[in-house]
Amino acid sequence: MLRYFFRRILLIVPTFIGITFITFLILQFVPGGPLEREMLKLQMGNVVSGSESGAVGSNRTGMTNIPESALKEIREFYGFDRPVPERYLEWVLNLCRLNFGKSYAYSEPVIDVITSRFSVSIYFGLIGFVLTYLICVPLGVIKAARSGSKFDLISSIVVFLGYSTPGWAFGALMLIFFGGGSFLNVFPLGGFRSDDFDNMNLFGQIYDQLRHTILPVISYLLGSFATLTILTKNSVIENLNQDYIRTAYAKGLSKKRVIYVHALRNSLIPIVTGLGQFLGILLAGSILIEKVFNIQGIGLLAYDSIINRDYPVIMGLLVFQSLILLTGNIITDFLYAAVDPRVKYK
Amino acid sequence: MKAENILEVKDLVIEYPSGRKKFLSRERLRAVDRVSFNLPAGGSLGLAGESGSGKSTVVKAIANLLLFNNPETKIRGEILINIAGKEINLANMSRSGMKKYRKLIQIIFQDSNSSLNPRFTAGKIIEEPLLYNTKLGKNERAERVNFLMEKTGLQEDVFFRYPHELSGGQRQRVSIARALSTNPRILIADEPVSSLDVSVQGQILNLFSDIQKEFNLTLIMIAHDLSIIESVCSDVAIMYLGKIIETGRTNRVFENPAHPYTQALISSIPVPEYKSEKRERIILKGDIPSIMKKPSGCVFRSRCPKAADICSEKEPEEKEITSGHYFSCFF
Amino acid sequence: MKNKILEIKNLSTVFYAKHSGQGKETKELIPGKAVSGVSFDVYEDEVLGIVGESGSGKSVTAYSILNLIPNPPGKIVSGEIIYRGIDLLKLSSEEIRKYRGAEISMIFQEPGTSLNPVMRIEEQMCEVFMSHGKTDRAEALKKSIELLKRAGLPDAEKRIKEYPSSLSGGMQQRVMIAMALAFRPSLLIADEPTTALDVTVQAQILDLMSDIKRENGKSSIIMITHNLGIIAEMCDRVLVMYGGKIQESANVKDLFENPLHPYTSAMIKSIPCFGKKHEGRLNTIPGMVPDIFNLPPGCKFCNRCEFKKDICEKKEPELKEISKEHFVRCHLYEG
């Protein structure tokens with residue numbers, strides 16, 4: 001068993017190299033990279049300066065106006081003068097020293113950019129993650145135990161309404177109603193904390209943080225609520241039809257014990273299996289919701305850095321997220337073996 | 001190979017890789033250990049033994065289906081079939097090489113519910129082998145399907161039904177008709193009636209006897225119920241942990257069981273007859289060991305009421321008591 | 001006359017489903033009469049066999065006794081189950097709990113799926129003691145190990161810490177039996193307890209059940225099986241069920257030596273009996289077991305019966321006592 005997980009952890013290395021190398025390679029061929037951007041900037045500058053000086057020139061394209069030396073300088077600055085494998089190797093070696101390079105757009109070390117954004121995303125991600133499991137699993141079990149009842153029906157409707165509403169749309173709607181603009185002023189319009197957060201006392205800080213948390217978290221979770229609740233419900237119902245449930249009743253156990261001990265423990269198997277990946281998805285953030293609530297999270301950062309061709313940041317994010325997903329998978333396997341004694345890894 | 005034999009199995013050994021790894025090589029589990037038997041054309045052999053005795057593995061090897069399940073299976077020894085005087089070894093035959101012979105050896109499985117494709121109608125199921133193994137035209141195929149359905153006692157309306165719309169007995173008849181479609185020489189049936197209702201079992205067993213005569217088939221039947229073998233098969237082989245421990249004509253073996261395991265098996269069958277005195281039964285202790293923990297010497301010694309020191313030291317040789325009746329035991 | 005411990009009166013249980021067997025699927029749920037109008041008694045210190053094929057209603061009868069019919073799709077529509085003067089079907093779910101697993105226990109066909117796969121044997125054994133009164137964990141564990149030893153589980157102290165999947169089928173059934181014996185029940189219902197097991201293990205389990213019955217004194221067993229051999233070897237009295245009804249009931253000697261119902265005698269003749277020579281073909285019963293959603297209005301067996309008369313299709317015969325304690329439901333014996 002231990003050997004299996006040791007092997008799985010070792011396997012992260014080649015997988016990780018594969019993912020990052022392919023991405024690194026693709027980035028080289030995407031049009032609109034930093035080199036072209038610099039060139040465009042220089043060109044524009046040339047055209048503008050040329051017309052200002054009033055000189056009459058036939059070469060309006062400005063293409064040849066960039067001196068070879070400047071081009072070379074730009075290439076050297078971004079490192080594009082060297083072959084891809086060499087640069088990839090250098091990137092990997094730097095990575096080993098936890099040096100992710102410097103962001104083109106922010107002129108800060110990538111690691112600082114990412115960690116500052118990441119803490120925001122982890123905050124929302126973890127709260128959401130814990131909340132979904134705390135709400136959906138018990139809800140699903142109750143729905144299964146009272147399958148076909150009014151409670152089951154109504155909660156299904158609510159949950160599916162949430163499932164079919166896009167999170168960002170719901171968020172925007174909530175802001176209109178509660179964000180102070182047109183109707184009620186219960187929640188702030190967005191942001192992670194208020195500007196004067198540091199000047200508040202402890203209770204004020206907690207209150208402020210909560211006010212900033214509730215709407216985004218609800219929007220984040222709207223979709224996953226239905227999935228997990230229905231998964232739990234179906235899983236419990238399926239297990240309630242198993243032979244060992246009949247045995248449990250025949251032994252004279254109470255309905256409570258039959259459902260909450262016998263059926264639930266078996267039902268947790270598929271739920272636990274989804275845990276690792278679900279965590280990865282939540283931590284990846286959501287561009288649209290971050291945009292609506294003006295949260296400086298990972299989703300927005302990823303979006304901006306792709307638009308800006310901020311390669312070091314893109315690669316840095318890739319490292320973080322692939323590591324989260326890969327470890328998530330291993331955690332899943334581990335939990336699987338932990339909840340189901342029949343699962344044995346070799 | 002003797003001319004009258006259609007099948008000769010010689011020293012068949014089948015090994016699976018086990019999960020555990022040894023240094024450089026995988027540990028192997030011997031599911032079938034030096035199994036040999038002959039079957040004359042038109043004969044019928046019953047294979048009996050508890051689950052885990054290797055009987056299904058033997059027939060799957062004969063039908064060349066083992067490599068589908070696990071390509072790392074190792075097969076040694078010979079499985080010879082006699083096709084029009086030509087001798088062909090099917091052990092380790094490749095999938096493409098087997099193509100020519102597959103129609104000659106057909107197999108019927110225990111669970112007709114899961115071994116028939118739920119998306120095909122019964123008619124289609126019976127017709128399908130004809131598409132790939134024969135050059136019959138559409139009308140000839142339909143004719144053949146009708147013929148087979150009649151022979152297996154299926155009414156015409158079954159043709160358009162899907163497996164889930166049929167009863168267990170009807171499904172097993174469809175399986176038999178499907179197996180017969182290519183005119184096989186050898187028909188293998190793996191527990192063909194154990195999932196059927198008692199009152200339907202007899203019908204299917206009779207059907208086996210009928211088609212065996214009519215189609216001049218050689219039959220290999222696996223059954224854990226010895227009374228089924230007694231009523232259908234002329235020969236029997238009793239298996240335990242991958243070995244045949246006793247074999248011979250059915251009536252001889254069952255009237256004079258020589259091996260303690262055969263004796264125990266026979267004694268443990270509940271007899272549907274009223275007796276005022278409860279009869280003494282030989283009750284074996286424990287379960288059949290897993291093939292990973294085979295006892296040394298005689299494989300049966302861990303449960304044998306007669307076990308002595310010699311049994312753990314060496315393996316008993318095969319002995320012949322009456323002609324064709326062999327058993328492997330020191331006593 | 002021996003004491004009655006259980007009296008079943010006019011029990012009818014239905015299952016609702018959309019399927020109508022052979023034909024097309026129906027749109028609405030229709031009731032399938034799994035058990036209709038079944039009445040019988042169980043006496044102290046006897047082994048009562050219920051024999052029948054799939055759909056005969058034998059298992060549904062057994063589950064109805066402890067009100068274990070899953071609802072939906074099943075429902076007990078009428079009847080009384082009187083155990084020591086109390087109608088079990090009138091009890092609330094909390095009240096009947098006191099009887100289940102204590103006064104009346106059950107063991108099942110598939111020991112592998114009848115034990116919870118993700119709970120250790122220990123926990124599944126101890127909870128029986130702990131949910132029927134105030135037993136602390138340590139005492140429950142001690143009693144559980146004792147019971148497992150009595151049920152012939154080797155290394156009980158070690159095995160009890162394991163999960164069911166690491167036990168063989170025979171050992172799993174021993175665990176089930178040990179669990180069922182926790183409170184020395186006066187009635188043990190065994191639903192095809194050996195069908196999933198190998199013959200040699202079947203012999204062990206049947207042997208164990210006989211031993212336990214002998215030791216327990218006045219307890220009774222209801223043995224449900226399709227295997228007439230097990231009936232002959234284990235039972236004192238037998239009910240033959242077909243199409244949800246009792247067709248014949250007799251002591252085991254009369255049933256095998258003088259079967260009255262054409263179904264019973266055809267069954268006895270049709271099964272291959274070990275050691276008995278039969279010339280050529282086996283006797284068979286034509287046709288197939290009727291579908292509970294599509295039962296014939298008259299005698300349930302008439303479509304397969306060689307003695308069928310006109311009346312058989314129209315009118316269902318009554319269960320009638322022909323000789324002492326030998327009942328049969330057949331027009332051959334009417335009038």
Side-chain angles (χ1 to χ4, degrees), chain A residues 1 137 141 143-150 152-153 232-273 275 333-346, chain C residues 59 62-63 65-70 72-73 92-121 123-133 161-166 172 175-176 179-180 182-183 185 188-189 191 196:
Chain A
M1 196 82 152
V137 174
V141 177
K143 278 165 69 68
R146 296 161 64 177
S147 176
S149 67
K150 256 192 197 136
D152 182 29
L153 189 75
T232 311
K233 182 190 165 188
N234 288 346
S235 178
V236 172
I237 283 187
E238 195 192 310
N239 276 294
L240 282 175
N241 287 323
Q242 299 294 314
D243 287 355
Y244 62 82
I245 294 297
R246 194 177 57 195
T247 312
Y249 278 121
K251 286 197 289 193
L253 305 185
S254 61
K255 191 175 175 185
K256 249 193 199 145
R257 186 163 172 93
V258 173
I259 293 175
Y260 292 97
V261 177
H262 281 265
L264 182 59
R265 238 190 251 190
N266 282 277
S267 313
L268 285 180
I269 296 169
I271 294 161
V272 159
T273 321
L275 208 124
D333 281 1
F334 182 75
L335 288 172
Y336 202 2
V339 288
D340 190 344
R342 289 163 296 182
V343 174
K344 290 200 173 71
Y345 298 112
K346 279 183 225 156
Chain C
S59 294
Y63 295 139
I65 294 174
L66 280 176
N67 209 342
L68 286 173
I69 300 291
S92 70
S93 63
E94 194 52 33
E95 283 167 325
I96 198 169
R97 207 162 74 70
K98 294 188 197 105
Y99 292 88
R100 291 176 180 163
E103 304 260 343
I104 303 175
S105 315
M106 274 192 92
I107 57 174
F108 303 93
Q109 174 169 3
E110 291 276 353
T113 56
S114 296
L115 289 165
N116 193 328
V118 303
M119 284 167 79
R120 290 177 204 278
I121 308 288
E123 207 170 333
Q124 300 191 49
M125 292 278 312
C126 290
E127 68 181 354
V128 185
F129 291 104
M130 291 159 82
S131 62
H132 283 283
K161 306 274 181 219
E162 289 181 14
Y163 290 98
S165 54
S166 55
Q172 287 168 347
V175 171
M176 288 295 295
M179 228 181 256
F183 290 93
L188 174 68
I189 303 171
D191 181 22

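Quick note on labels: first sequence line is chain A, next is B, and so on, each numbered from 1.
- Taking CD from E110(C) and CD from Q242(A), the interatomic distance works out to 11.5 Å, rounded to the nearest 0.5 Å.
- I107(C) CD1 to T247(A) OG1: the interatomic distance, rounded to the nearest 0.5 Å, is 10.5 Å.
- Y163(C) has its side chain out of reach of R342(A): every pair of non-hydrogen atoms, C-beta onward, lies at least 4.5 Å apart.
- With respect to V118(C), the side-chain contact (heavy atoms from CB on, under 4.5 Å) criterion is satisfied by exactly one of I269(A), L268(A), V339(A): I269(A).
- Proximity to chain A (any heavy atom under 4.5 Å) is restricted, for Y63(C), to the side chain, taken from C-beta onward.
- Within residues 251-260 of chain A, the residues having any heavy atom less than 4.5 Å from a heavy atom of chain C are, in residue-number order, K251(A), G252(A), L253(A), S254(A), R257(A).
- For chain A, the nearby parts of Q124(C) are the backbone and the side chain; heavy atoms of each come within less than 4.5 Å.
- Among all heavy-atom pairs drawn from R100(C) and Y249(A), the shortest one is CD-O, 3.1 Å.
- Each of N67(C), L66(C), L115(C) has some count of heavy-atom pairs under 4.5 Å with chain A, and the biggest count is that of L115(C).
- Remark: F129(C) engages F183(C) in a ring pair (Phe, Tyr, Trp, His ring centres under 6.0 Å) (not counting sequence neighbours).
- Residue with the most contacts toward chain A among M106(C), E94(C), E127(C), E123(C): E127(C) (heavy-atom pairs, distance under 4.5 Å).
- Here N116(C) contributes atom CG and N239(A) contributes atom CG; the two are 8.0 Å apart, rounded to the nearest 0.5 Å.
- Residues satisfying the salt bridge (Lys or Arg N to Asp or Glu O under 4.0 Å) criterion with D152(A), sequence neighbours excluded, are K143(A), K233(A).
- Side chains of N266(A) and P117(C) form a contact here, defined as non-hydrogen atoms less than 4.5 Å apart.
- For M130(C), no part sits under 4.5 Å from any heavy atom of chain A, backbone or side chain.
- With sequence neighbours excluded, no residue forms a salt bridge (Lys or Arg N to Asp or Glu O under 4.0 Å) with R146(A).
- Contacts of S114(C) with chain A are made by both backbone and side-chain atoms, with heavy-atom separations under 4.5 Å.
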